[in-house]
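Structure, as structure tokens:
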Amino acid sequence: MLVVTWNVNSLRARLPRVLELLARHRPDVVCLQETKCRHDQFPLAEIAAAGYAAAHHSAGPWAGVALLVRAAPSAAPPDGADPGDGPSAAAGPDGSLHDTVVGLSGEPVVEEARWLEATVAGVRVISTYVPNGRSLDSPEFPRKLAFLEAAARRIGTLRAAGMPIILAGDLNIAPQDRDLYDPAVFADGTHVTNEERSRLAAIEKAGGLLDAYRHRHPETQQFTWWDYRAGHFHKGLGLRIDLVLISASLAPRLRECGIDRDFRKGPRPSDHAPLLVRLDD
DNA sequence: ATGGCCGTCTGTGACGGA
């Protein structure tokens, strides 16, 4: 099973690149963040035409998360078929979306669209977009911490239910200093504080989860986000803030985990690159 | 590293992103 997470920074602006990703990698599951569209703007028809069912949590110009699941070839909708128009849309062999949950219980700002769950092939898959936090003295920062605490509670509940978990998304935390191009630049900023890192660790502990990229590549410095400005991508100045956390029970199936930097290049790229995780079937 | 960018909206610049 190939799982991809990608902060697309507007799904409408990025749709050609998303379709390119689906065609190139044919992932089984895609977790998207920052879709930035109203519910009625979500491009269900184009995604269905590419052979994917979708569930989404859309709230207008900010945030927004989605899950795409590859349909079986025989289950592809015929020409003119209604692709469906909501989180209940489903398709796939073992790739159906079941028991979709929209939103995170206890999240501080309910009207933001930052958390979406579904069961795919016996795995509880979550696409999340954690608040940025802006700055340490901003009211957004305690909201970020509260969101992370709510996520830990929810993950603990899901673990107790017994199904393996894949929590994927833009966590907006660099887990270690090796996940930053220069720790000094971020010394007084968000994304690196003990408050954030300890809450990320609490999520991992609550779920029995591990960071798939770091598990597979214990020492490598590689990034998933680069500022659009100042040529940072071409200078190699980025952060690793997009993560896939998997249940320890899935770790023996972890074949590979990598970042496709090609999608940070080319026409109209997102400022994030997709992170790919392959699990043996 | 001071900063350079890109996306949204009913906009003609402000704001958010990290």
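Computed over heavy atoms, backbone and side chain alike; hydrogens, waters and symmetry mates excluded. Labels below follow one simple rule: chain letters A, B, ... track the order of the sequence lines, proteins then strands, and each chain is numbered from 1.
The two residues A:L171 and A:K144 come nearest to each other via the heavy atoms O-CE, 4.5 Å.
Checked against the 6.0 Å centroid threshold, A:H56 and A:H39 count as a close aromatic pair. Taking the ring centroids of A:F186 and A:Y181, they lie under the 6.0 Å cut-off.
If you take atom P in B:dT10 and the same atom in B:dC15, they sit 15 Å apart, rounded to whole Å. Nucleotides B:dG11 and B:dC6, compared at atom C1', are 15 Å apart to the nearest Å. With C1' as the reference atom, B:dA18 and B:dG4 are 16 Å apart, rounded to whole Å.
For A:D170, the salt bridge (charged side-chain N to carboxylate O under 4.0 Å, His left out) test picks out no residue, with sequence neighbours left out. Contacts of A:L158 classified as side chain to side chain contact (heavy atoms under 4.5 Å, CB included), with partners at least two apart in sequence or in another chain: A:E117, A:R124, A:I126, A:R154, A:I155, A:I165.
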### Summary
With B for base contact, S for sugar-phosphate-only contact and - for none (protein heavy atoms under 4.0 Å), nucleotides 2-15 of chain B reads --BBSBSS------

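Atom CG of A:N172 and atom P of B:dG16 are 15 Å apart (whole Å). Separating the CD atom of A:E140 from the P atom of B:dG17 is a distance of 7 Å, rounded to the nearest angstrom. To the nearest angstrom, P of B:dG16 lies 17 Å from CG of A:N7. Look at CG on A:D170: it is 11 Å from P on B:dG17, rounded to the nearest Å. Atom CD of A:E196 is separated from atom C1' of B:dA18 by 11 Å (rounded to the nearest Å). One atom, NE2 of A:H191, and another, P of B:dG16, lie 15 Å apart when rounded to the nearest Å. One atom, CG of A:L171, and another, P of B:dG17, lie 16 Å apart when rounded to the nearest Å. Note: CZ (A:F186) to P (B:dA1) measures 12 Å, nearest angstrom.
A:Y129 comes within 4.0 angstrom of sugar-phosphate atoms only, judged by non-hydrogen atoms across all strands, and of no base.
Both A:H272 and A:L237 lie near DNA chain B, and the one whose nearest nucleotide falls closer to the 5' end is A:L237.
Relative ring orientation between A:W226 and A:F223 is described as perpendicular, the plane-to-plane angle rising above 60° on a 0-90° scale split at 30° and 60°.
With respect to A:D179, the side chain to side chain donor-acceptor pair (under 3.5 Å) criterion is satisfied by exactly one of A:H191, A:Q221, A:R214: A:R214.
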